[in-house]
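Input: a single structure, listed below in structure tokens.
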Amino acid sequence: MKTRKLGRTGLQVSEIGLGTWALGSSVYGDVERSASETLIQGSIDKGINFFDTAPLYGSKTENGIAETVLGAGLGARKDEVIISTKFGRTATDVMPGRFTAKEARQSCEASLRRLGRSYIDLLFFHSPFGPEEIEDDVWAELDKLQAEGKVRSLGHSVSMYEDTRDMSADWMRDRKIDAIQVVLSPFNRETRPLIDIARRLDCGVVARECMANGFLSGAIRRDTVFPQGSLNARYSREEIGERVDYAESLKGLLLGGAVKTLPEATYRWVLDQPGVSLALSGAKSLAELEDSVRASQLEPYSSAVLERGEALHTQDFCPA
């Protein structure tokens, strides 16, 4: 597994990281605890050293299930890896966001208990919807948490992109944060201007939703029916068809030579975008993880292929 520097945090991170939403929530289907531990340990064995989690990854009655699972799964190896988590939203109290001094303190300390760790490598604001949600007192409390050694670096996990991109850029310029986490895939490229700002300011970039909620897995067809309550159940039959058709068009462009599968192609494409530090995989098993690991080992796409991909892309398939 190749590594890259996570911007001015100075951290050397694996090009592929493991996102743990699926380990703490049924949003992508249930995962057995024993399978989670196998995945976590196997990820480290494959060279992955970056794990992303959050208090939001839980149930309506329990916060941070994924943090608890991750802490247990890492076991004695928890200090061998880099962990990012978030604050401002919890599974039991998602809305509205709470980006206050009190929430930052309570959330951070609860996360540390669940992870069984004394510090968080990277603490993200968890998807504020706009600048008005950020209380002034939060910055002094985050400074205290850093001074106490409980938090090493800060970041912004970006959602509601149009409403928060300027805020995120200002935070990077003012050195309030050292990294951003953004949606990025061949389906959704709208965050690239913000990634470019991060690159110029030497801020780390963590790419998420690289598989476009599974539409780039190659397993979803036009007639696929998603279980009620699952993330993709929100899409109409017409929207599913549009996404499947676009994924098929990408196969013709990106597959060939050493690139054998659409997931391999997807992760290679993400890693080839200027400014990206790492791409998160939301794998639920070691088998699902293989494509992203292989992508890190592949040669970068040529500029000609990437340029043809730009010509093919006509819209961002943003979530409804």
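In what follows, residues are counted from 1 in the order of the sequence shown.
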Start with the C-alpha gap between Glu162 and Arg165, add the side-chain angles, then the distance that decides, and say whether side-chain contact (heavy atoms from CB on, under 4.5 Å) holds.
-> CA-CA 6 Å; Glu162 294 293 332; Arg165 61 184 179 184; 3.3 Å; yes
Apply the test side-chain contact (heavy atoms from CB on, under 4.5 Å) to residues Phe87 and Leu123: give CA-CA distance (whole Å), side-chain angles for both, the deciding distance (0.1 Å), then the verdict.
-> CA-CA 7 Å; Phe87 83 98; Leu123 180 67; 3.9 Å; yes
Salt bridge (Lys or Arg N to Asp or Glu O under 4.0 Å) between Arg98 and Glu133, intermediate numbers included = CA-CA 7 Å; Arg98 300 170 304 285; Glu133 290 192 338; over 6 Å; no
Arg192 and Val182: side-chain contact (heavy atoms from CB on, under 4.5 Å), yes or no, with the steps?
-> CA-CA 9 Å; Arg192 288 194 297 184; Val182 294; over 6 Å; no
Please assess Tyr235 against Asn213 for the test side-chain contact (heavy atoms from CB on, under 4.5 Å), listing each intermediate value before the final yes or no.
-> CA-CA 11 Å; Tyr235 294 124; Asn213 301 131; 4.0 Å; yes
Side chain to side chain donor-acceptor pair (under 3.5 Å) between Ser153 and Thr9, worked out | CA-CA 7 Å; Ser153 295; Thr9 69; 5.1 Å; no
Would Asp170 and Lys176 count as a salt bridge (Lys or Arg N to Asp or Glu O under 4.0 Å) if you check the C-alpha gap in whole Å, the side-chain angles of each, and the deciding distance to 0.1 Å?
-> CA-CA 9 Å; Asp170 288 342; Lys176 290 183 174 180; over 6 Å; no
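Leu154 is connected to Leu194 through a chain of hydrophobic side-chain contacts under 4.5 Å among Ile, Leu, Val, Met, Phe, Trp and Tyr, so both are in one cluster. Residues Val138 and Leu145 share a single hydrophobic cluster, defined by chaining ILVMFWY side chains whose heavy atoms lie under 4.5 Å apart. Linking Ile, Leu, Val, Met, Phe, Trp and Tyr residues whenever their side-chain heavy atoms come within less than 4.5 Å leaves Phe50 and Leu74 in two separate clusters.
Figure legend: Arg114 and Tyr57 shown without cation-pi pairing, the cationic atom not lying both under 6.0 angstrom from the six-membered ring centre and within 45 degrees of its axis. In this structure, Arg268 fails the cation-pi test against Tyr301, since its NZ or CZ atom is not both closer than 6.0 Å to the six-membered ring centre and inside 45 degrees of the ring normal. Taking the ring axis of Phe187 as reference, the NZ or CZ atom of Arg243 does not stay both within 45° of it and closer than 6.0 Å to the ring centre.
A side-chain donor-acceptor contact under 3.5 Å links Thr266 to the backbone of Leu262.
The local environment of CZ in Arg175 is sparse, with at most 12 non-hydrogen atoms from other residues, nucleotides or ligands closer than 6.0 Å. Annotation for Glu132: atom CD counts as buried by contact number, over 12 foreign heavy atoms lying within 6.0 Å. Counting non-hydrogen atoms of other residues, nucleotides and ligands closer than 6.0 Å to CZ of Arg237 gives a total above 12. Within a 6.0 Å radius of CD in Glu80, more than 12 heavy atoms belonging to other residues, nucleotides or ligands are found. The environment of Asp136 atom CG is sparse: at most 12 non-hydrogen atoms of other residues, nucleotides or ligands sit within 6.0 angstrom.
Salt bridge Asp196/Arg200: present, at least one basic N to carboxylate O contact under 4.0 Å. Ion pairing between Lys2 and Glu15 fails under the 4.0 Å rule for side-chain N and carboxylate O. Using a cut-off of 4.0 Å between Lys/Arg side-chain N and Asp/Glu carboxylate O, Arg208 and Asp52 are scored as not salt-bridged. Using a 4.0 Å cut-off between charged side-chain N and carboxylate O, Arg8 and Asp178 make a salt bridge.
Between Ile16 and Ser281 the shortest heavy-atom distance is CG2-CB, 4.2 Å. Minimum heavy-atom separation, Asp121 to Val81: OD2-O, 3.8 Å.
By the ring-ring contact (aromatic ring centres under 6.0 Å, His included) test, His156 is found to be paired with Trp171, residues two or more places apart in sequence or in another chain being considered.
Evaluation of the salt bridge (charged side-chain N to carboxylate O under 4.0 Å, His left out) test over residues 250-262, restricted to residues two or more places apart or in two chains, returns Glu248-Lys251. Applying the side chain to side chain donor-acceptor pair (under 3.5 Å) test to residues at least two apart or on different chains, the pairs with a partner in residues 137-146 are Arg105-Glu141.
Atoms CG and OG1, from Leu70 and Thr85 in turn, are 9.0 Å apart once rounded to the nearest 0.5 Å. Ser296 OG to Arg4 CZ: the interatomic distance, rounded to the nearest 0.5 Å, is 7.5 Å.
Checked against Leu216 for a side chain to side chain contact (heavy atoms under 4.5 Å, CB included), the options Leu250, Leu254, Asp291 give a single hit: Leu250.
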